Peer 1: 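Okay, here's the structure, questions in a sec.
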Amino acid sequence: MKVVIIGAVAGGASAAARLRRLDESARIVVIERTGYMSYANCGLPYYIGGVIEDESELTLQTPESFRNRFNVEVRVHSEALGIDVEKKVVLVRSLRDGREYEEPYDKLILSPGAKPVRPDIAGIDGKRIFVLRNVEDTLRLRRFIDTHKPRRAVVAGGGFIGLEMVENLSGSGVETTLVEMADQVLLPLDADMACSAHALLRGRGVRLILGSPVSGFEETENGIKTFVGGSEPIASDFVVLGLGVVPDSSLAVSAGLRLGMKGSIVVDEHMRTSNKDIYAVGDAVEVVHSVSGLKTVVSLAGPANRQGRIAADNICGINSSYTGSQSTTILKLFDMSFAATGLNERAAADAGIKYDKIVIGPPSHATYFPGAKNMTMKVLFRPDSGVILGAQITGFEGVDKRIDVLATAIRAGMTGSDLAALDLAYAPPYSSAKDPVNVAGCVIENLMTGKVRQCHWHDPAFRHRPADCVFLDVRDEDEFSEGNIDGAVNIPLDELRGRLGELDRSKRIYVNCQTALRSYIACRILAQHGFDCVNVSGGYGFWSSVMRGSSAGSPAHACGKKL
């Protein structure tokens, strides 16, 4: 059996290695357009910023090392031009000498990846405009920086690559402007959870322009101008495009394969395309979101690796299935981490899935151990069953551990009560006896059993402050004096029982603290003394984060509430 794989990196290389482990006699040929067959794609921005100093560290395998270990023939600088499904051959061109030839196959795996979005706008092909898709792109940008010593840069696009470039350029002393068409960066997060990233970027000296698409570029004698909406053009020395990616499915078109959303390649659960002898994996394929059940495209290395393995299994007669992706992601931005898994609020609404949510601010580890810092966790769940639908976390440490636990919980179909019952590792430097994931489960359980009611910062009653409501802040006086919600009454939690007479029993009481924990305790006290009370989800900490990080015109900004 001869298997030809078009495209290496995550999906193709994983498929080749798995094929060899399953079938020592198969002939395996990998066709790769670039000069690198397996590289750390996610590490490319860190080479630009000098965090990764040695270029060789970007390369995970070379054609020689891959041949020695797996007996796989890897042809780099070779471009697949088309597929003849009747003859079962791939037309290949050598980029070294221009020679074209036909490469026959018994089975074919497509792993073409995704290509950067390049909108049809003026000046898009300028020499000072860079993308970051592969190692060659990275080396080209690094050479420009080393040669020209630029002082100013514009990054267009606030996704993962864009933000990693912002961090690395800013950290290298380059004055950086980030332009994002949407009203927020990091679209896997909801807008309120992304606000802490906005505040972080501005605090690190990054000029942040939200809700403004790039409309064109113009090269000047010593730099380039970026045109954004109706504002003044932004002058810089170079531009990095991070406007997202689209599936690179041109070969699938030439083969007459069925295409799906965004031009992606349609595959079944075995990663088989509409042609029984052709499989496809990675960023170019359409998959099912494992939580919503909707079709989606996921450009992540983990799913690509698993898909490559599954395609190899099925080629070798093993009935292996890909059950979908829940898009678990994490980003380091300066000294913070931002992570998401499953559905966010937009995705749940688009899928027509009913959900409720909690927002909490637990410490990363035991507060008596030095260095504990609060993280912000939003967890979505089904209001009828408590089944976890999605989670988002921002914070300084411990984010990766909690998002992985929650990703596992979602995959297992666990409920809030299940989270509360999890037996998780505890030592003071790492967690608390009740881990933040346990806390999230307890909060969901309290809501579902009616022990407390909650509202969110965007709820109309909370935002418009009806006259028949009281806003009660149960933080200590010094906390309250440092910042508070306009119009709130301050009664510290430890004084509440003795000061109940100061509250009007005829009015609903909205209770907040810093993270919604003390306010929950206050709500339990108030409810058992006959008060109509509601806990403010996320507390003052989340409210102030939304206010600080919101862009003009966003729902948070429109609230207009004083801190």
Side-chain angles (χ1 to χ4, degrees), residues 184 186-197 288-294 296 298 324-331 337-362 375-395 399-422 435-449 452-459 462 515-516 520 534-539 542-543 545-546 555-556:
Q184 67 168 96
L186 285 176
L187 289 178
L189 301 183
D190 289 316
D192 52 10
M193 291 293 288
C195 283
S196 57
V288 173
H289 195 287
S290 59
V291 182
S292 70
L294 299 180
T296 188
V298 176
S325 172
Q326 63 194 63
S327 300
T328 303
T329 58
I330 189 166
L331 169 78
S337 297
F338 300 83
T341 186
L343 301 180
N344 59 25
E345 293 194 61
R346 294 187 305 276
D350 290 345
I353 295 175
K354 292 183 178 180
Y355 69 92
D356 200 353
K357 62 184 177 181
I358 62 163
V359 179
I360 59 176
M375 59 180 69
T376 301
M377 297 176 61
K378 176 190 278 191
V379 181
L380 275 61
F381 60 96
R382 292 187 182 273
D384 56 346
S385 63
V387 169
I388 308 303
L389 295 170
Q392 301 159 54
I393 311 177
T394 69
V399 171
D400 53 344
K401 169 183 175 179
R402 276 64 185 219
I403 203 67
D404 283 343
V405 173
L406 288 163
T408 304
I410 292 170
R411 177 64 68 166
M414 296 175 71
T415 66
S417 295
D418 293 327
L419 296 185
L422 284 176
D435 188 85
V437 173
N438 297 132
V439 173
C442 291
V443 174
I444 293 171
E445 194 173 53
N446 288 336
L447 286 170
M448 296 196 65
T449 55
V452 70
R453 291 176 297 164
Q454 69 173 359
C455 74
H456 303 283
W457 66 267
H458 52 75
D459 288 352
F462 182 63
T515 65
Y520 162 68
V534 179
N535 195 19
V536 178
S537 175
F542 188 58
W543 164 270
S545 172
V546 173

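Just so it is clear, the structure is predicted and the values come from calculations on it, not from any experiment.
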Peer 1: With a 4.5 Å heavy-atom cut-off, do Val437 and Leu406 have their side chains touching?
Peer 2: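 They are in contact (side-chain heavy atoms under 4.5 Å apart), so the answer is yes.
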Peer 1: For Glu445 and Leu447, indicate whether the former's side chain and the latter's backbone hold a donor-acceptor pair under 3.5 Å.
Peer 2: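 Here the side-chain-to-backbone pair does not exist.
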Peer 1: Rounded to the nearest 0.5 Å, how far apart are CG of Leu380 and CG of Leu343?
Peer 2: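 Taking CG in Leu380 and CG in Leu343, the distance rounds to 7.5 Å.
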Peer 1: Between Asn438 and Leu419, is there a donor-acceptor pair closer than 3.5 Å when you use the side chain of the first and the backbone of the second?
Peer 2: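 At least one qualifying donor-acceptor pair exists.
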Peer 1: Determine the minimum heavy-atom distance between Pro188 and Arg346, stating which atoms define it.
Peer 2: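 The pair with the smallest heavy-atom distance is N-NH2, 4.3 Å.
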Peer 1: How far apart are the C-alpha atoms of Ile360 and Val439, what are their side-chain angles, what is the distance that settles it, and do they pass the side-chain contact (heavy atoms from CB on, under 4.5 Å) test?
Peer 2: CA-CA 8 Å; Ile360 59 176; Val439 173; 3.8 Å; yes
Peer 1: So, taking the atom named OG1 in Thr376 and the one named CD1 in Ile393, what distance separates them when rounded to the nearest 0.5 Å?
Peer 2: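 One finds 10.0 Å between OG1 of Thr376 and CD1 of Ile393.
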Peer 1: For Met193 and Phe338, run side-chain contact (heavy atoms from CB on, under 4.5 Å): C-alpha distance rounded to whole Å, both residues' side-chain angles, the deciding distance at 0.1 Å, then the answer.
Peer 2: CA-CA 9 Å; Met193 291 293 288; Phe338 300 83; over 6 Å; no
Peer 1: Grab the two heavy atoms, one from Val291 and one from Gly342, that are nearest each other, plus how far apart they are.
Peer 2: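 Smallest heavy-atom distance, with atoms named: CG2-CA, 4.1 Å.
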Peer 1: Apply side-chain contact (heavy atoms from CB on, under 4.5 Å) to Ile353 and Ser292, showing your working.
Peer 2: CA-CA 8 Å; Ile353 295 175; Ser292 70; 4.2 Å; yes
Peer 1: Could you tell me whether the side chain of Ser537 and the main chain of Val359 form a donor-acceptor pair under 3.5 Å?
Peer 2: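 Checked: pair present.
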Peer 1: Nearest 0.5 angstrom please: Glu345 CD to Tyr355 OH, how far?
Peer 2: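 Rounded to the nearest 0.5 Å, the CD-OH separation comes to 3.5 Å.
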Peer 1: Would you say that Tyr520 contacts Gln454 through its side chain, given a criterion of any heavy-atom pair below 4.5 Å between the two side chains?
Peer 2: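 No, side chains not in contact.
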Peer 1: When rounded to the nearest 0.5 angstrom, what distance separates CG in Asn344 from CG in Asp190?
Peer 2: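 Between Asn344 CG and Asp190 CG, I get 4.5 Å after rounding to 0.5 Å.
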Peer 1: Can you measure from OG (Ser325) to NE2 (His289) and round to the nearest 0.5 angstrom?
Peer 2: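 Output value for this atom pair is 6.5 Å.
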Peer 1: Would you say the side-chain atoms of Asn446 pair up with the backbone N or O of Val452, donor to acceptor, closer than 3.5 Å?
Peer 2: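 Not confirmed, Asn446 side chain does not pair with Val452 backbone.
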Peer 1: Provide the closest heavy-atom pair for Arg411 versus Gly324 in the form atom of the first, atom of the second, distance.
Peer 2: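 For Arg411 and Gly324, the tightest heavy-atom pair comes out as NH2-O, 3.2 Å.
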Peer 1: Could you check if a side-chain atom of Ile330 sits within less than 4.5 angstrom of a side-chain atom of Val399, using non-hydrogen atoms only?
Peer 2: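 Sidechains of Val399 and Ile330: in contact.
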Peer 1: Taking the basic N atoms (NZ, or NE/NH1/NH2) and the acidic carboxylate oxygens, is any pair closer than 4.0 Å for Asp435 and Arg402?
Peer 2: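 Result for this pair is yes, salt bridge flagged.
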Peer 1: Among Ile410, Asp356, Ile358, find the residue that satisfies the side chain to side chain contact (heavy atoms under 4.5 Å, CB included) test when tested with Val379.
Peer 2: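 Going through Ile410, Asp356, Ile358 one by one, the side chain to side chain contact (heavy atoms under 4.5 Å, CB included) with Val379 is satisfied by Ile358 alone.
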Peer 1: Quick one: closest heavy-atom pair of Met448 and Pro383, and the distance?
Peer 2: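 Taking Met448 first and Pro383 second, the nearest heavy atoms are CE-O, 3.4 Å.
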Peer 1: Decide yes or no for Pro362 and Thr515: does some side-chain heavy atom of the first lie under 4.5 Å from some side-chain heavy atom of the second?
Peer 2: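 No, every pair of side-chain atoms sits at 4.5 Å or beyond.
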Peer 1: Does the pair Val405 and Leu422 meet the rule for a side-chain contact (heavy atoms from CB on, under 4.5 Å), with working shown?
Peer 2: CA-CA 10 Å; Val405 173; Leu422 284 176; 3.9 Å; yes
Peer 1: Identify the heavy atoms of Cys455 and Val534 that sit nearest to each other, and give their distance.
Peer 2: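 For Cys455 and Val534, the tightest heavy-atom pair comes out as N-CG1, 3.4 Å.
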Peer 1: Could you check whether any side-chain N or O of Asp404 sits under 3.5 Å from a backbone N or O of Lys401, counting only pairs where one atom can act as donor and the other as acceptor?
Peer 2: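 No; judged by distance alone, with no hydrogens or angles, the pair does not exist.
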Peer 1: If you measure from CZ on Arg382 to CG on Leu389, what distance do you get to the nearest 0.5 Å?
Peer 2: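 Taking CZ in Arg382 and CG in Leu389, the distance rounds to 5.0 Å.
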Peer 1: Check this for me, if you would: do Lys378 and Asp192 make a salt bridge, where the nitrogen-to-carboxylate-oxygen distance has to be below 4.0 angstrom?
Peer 2: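 Yes.
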Peer 1: Taking all heavy atoms of Cys195 and all of Ser545, pick out the closest pair and write down the distance.
Peer 2: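 Nearest pair, atom of Cys195 first, then Ser545: CB-O, 3.4 Å.
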